[in-house]
Amino acid sequence: MNVRLLALVGVAVCAVALPLTVASAGQVGDAAVRPADRRDDAKLPVPARSPLVLGLGLATAARCGPELTSPDGVEAQTCVMTQGADTWARTYYRNATGADLEAVLSLMGPRGRTVQTHCTAGADDEPATCETPREHTRGAPVDYTAVSEFAARDGDGSLLLRSASNSTDDPGAPTGANSGASSGS
């Protein structure tokens with residue numbers, strides 16, 4: 001009798017706890033970092049969002065290059081993201097330079113197709129992201145490469161950091177600090 005009672009109480013607790021756990025977890029795809037201010041090209045169409053499967057969402061694949069840091073205080077990692085039939089570029093960054101920076105994120109795809117987004121990297125020294133618009137995947141996801149470039153907004157616009165989604169397999173290749181040179185590409 002005790003075993004049946006314990007099993008019944010266990011089922012009742014699970015029936016109450018499971019919906020509360022799901023509700024407190026939030027929606028699939030909630031961002032952990034805030035998106036940066038973005039100035040998209042008005043000529044680019046806004047792609048439709050990927051369909052959800054049973055309310056759980058599709059898995060998102062990320063192909064990322066190494067995390068890089070410039071001597072000036074810019075940290076970035078650039079990725080090619082794929083979800084369902086959509087592909088886009090995303091860069092995770094942190095600007096500790098003390099000045100707003102101009103960030104340009106490019107997604108290069110098969111047959112010379114390129115999508116470019118300009119973002120303002122604020123000087124608040126907080127983690128942020130910059131994304132290109134999503135587009136329908138043409139070819140294989142490995143055919144896509146993303147590159148982000150961070151430059152000063154003043155008159156000279158000197159390049160502070162370039163980060164790419166394709167990492168190198170050469171153990172002797174430079175990683176880590178990168179100022180003006182292309183590492184991870």
Side-chain angles (χ1 to χ4, degrees), residues 25-70 74-95 100-122 124 126-153 157 159-169 175 178 180-185:
Q27 289 185 332
V28 173
D30 283 348
V33 294
R34 62 175 177 73
D37 295 333
R38 191 167 85 180
R39 293 179 281 132
D40 289 2
D41 189 347
K43 296 177 277 189
L44 294 175
V46 177
R49 299 212 25 110
S50 296
L52 296 179
V53 177
L54 298 175
L56 301 176
L58 296 174
T60 302
R63 194 168 37 84
C64 300
E67 295 179 36
L68 300 175
T69 303
S70 76
V74 180
E75 302 172 12
Q77 182 178 32
T78 303
C79 305
V80 172
M81 312 295 287
T82 306
Q83 182 183 52
D86 293 336
T87 299
W88 70 100
R90 177 184 293 164
T91 188
Y92 301 93
Y93 68 88
R94 183 173 164 213
N95 175 12
D100 287 349
L101 300 178
E102 179 74 19
V104 178
L105 178 60
S106 302
L107 175 66
M108 295 164 283
R111 297 182 297 278
R113 175 144 174 87
T114 301
V115 177
Q116 197 173 67
T117 298
H118 295 262
C119 299
T120 299
D124 56 2
E126 292 293 326
T129 62
C130 176
E131 290 187 356
T132 63
R134 295 178 184 214
E135 69 169 23
H136 182 74
T137 304
R138 294 170 176 88
V142 297
D143 295 336
Y144 286 85
T145 302
V147 175
S148 62
E149 296 176 321
F150 293 84
R153 297 190 81 180
L159 182 64
L160 300 175
L161 181 71
R162 179 178 292 137
S163 172
S165 63
N166 54 336
S167 61
T168 180
D169 293 330
T175 58
N178 175 23
S182 163
S183 178
S185 54

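The analysis underlying the following values was restricted to heavy atoms, covering all of them including side chains, and did not include hydrogens, waters or symmetry mates.
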Check whether any side-chain heavy atom of [X] sits under 4.5 Å from a side-chain heavy atom of [Y], and report yes or no.
| X | Y | result |
| --- | --- | --- |
| L105 | C119 | no |
| Y144 | T82 | no |
| E102 | H118 | yes |
| V80 | T87 | yes |
| E131 | T117 | no |
| R153 | T120 | yes |

(message) Check whether T78 reaches the backbone of A146 with its side chain - one donor and one acceptor, N or O, closer than 3.5 Å.
(response) no
(request) Please answer whether the main-chain N or O of R138 pairs with a side-chain N or O of R111 as donor and acceptor at a distance below 3.5 Å. (result) no
Considering all heavy atoms of both residues, which atom of [X] and which atom of [Y] are nearest to each other, and what is their separation?
| X | Y | value |
| --- | --- | --- |
| A164 | V147 | CB-CG2, 4.1 Å |
| Q77 | C64 | NE2-CB, 3.6 Å |
| F150 | L159 | O-CD1, 3.5 Å |
| L161 | E75 | CD2-C, 4.2 Å |

(request) Please assess Q83 against R134 for the test side-chain contact (heavy atoms from CB on, under 4.5 Å), listing each intermediate value before the final yes or no. (result) CA-CA 9 Å; Q83 182 183 52; R134 295 178 184 214; 2.7 Å; yes
Could you measure the distance from the [atom1] atom of [X] to the [atom2] atom of [Y]? Nearest 0.5 Å is fine.
| X | Y | atom1 | atom2 | answer |
| --- | --- | --- | --- | --- |
| R94 | E126 | CZ | CD | 7.5 Å |
| N95 | D100 | CG | CG | 7.5 Å |
| R90 | T132 | CZ | OG1 | 9.5 Å |

(message) Between Q116 and S106, is there a side-chain donor-acceptor contact under 3.5 Å, judged purely by atom types and distance?
(response) yes
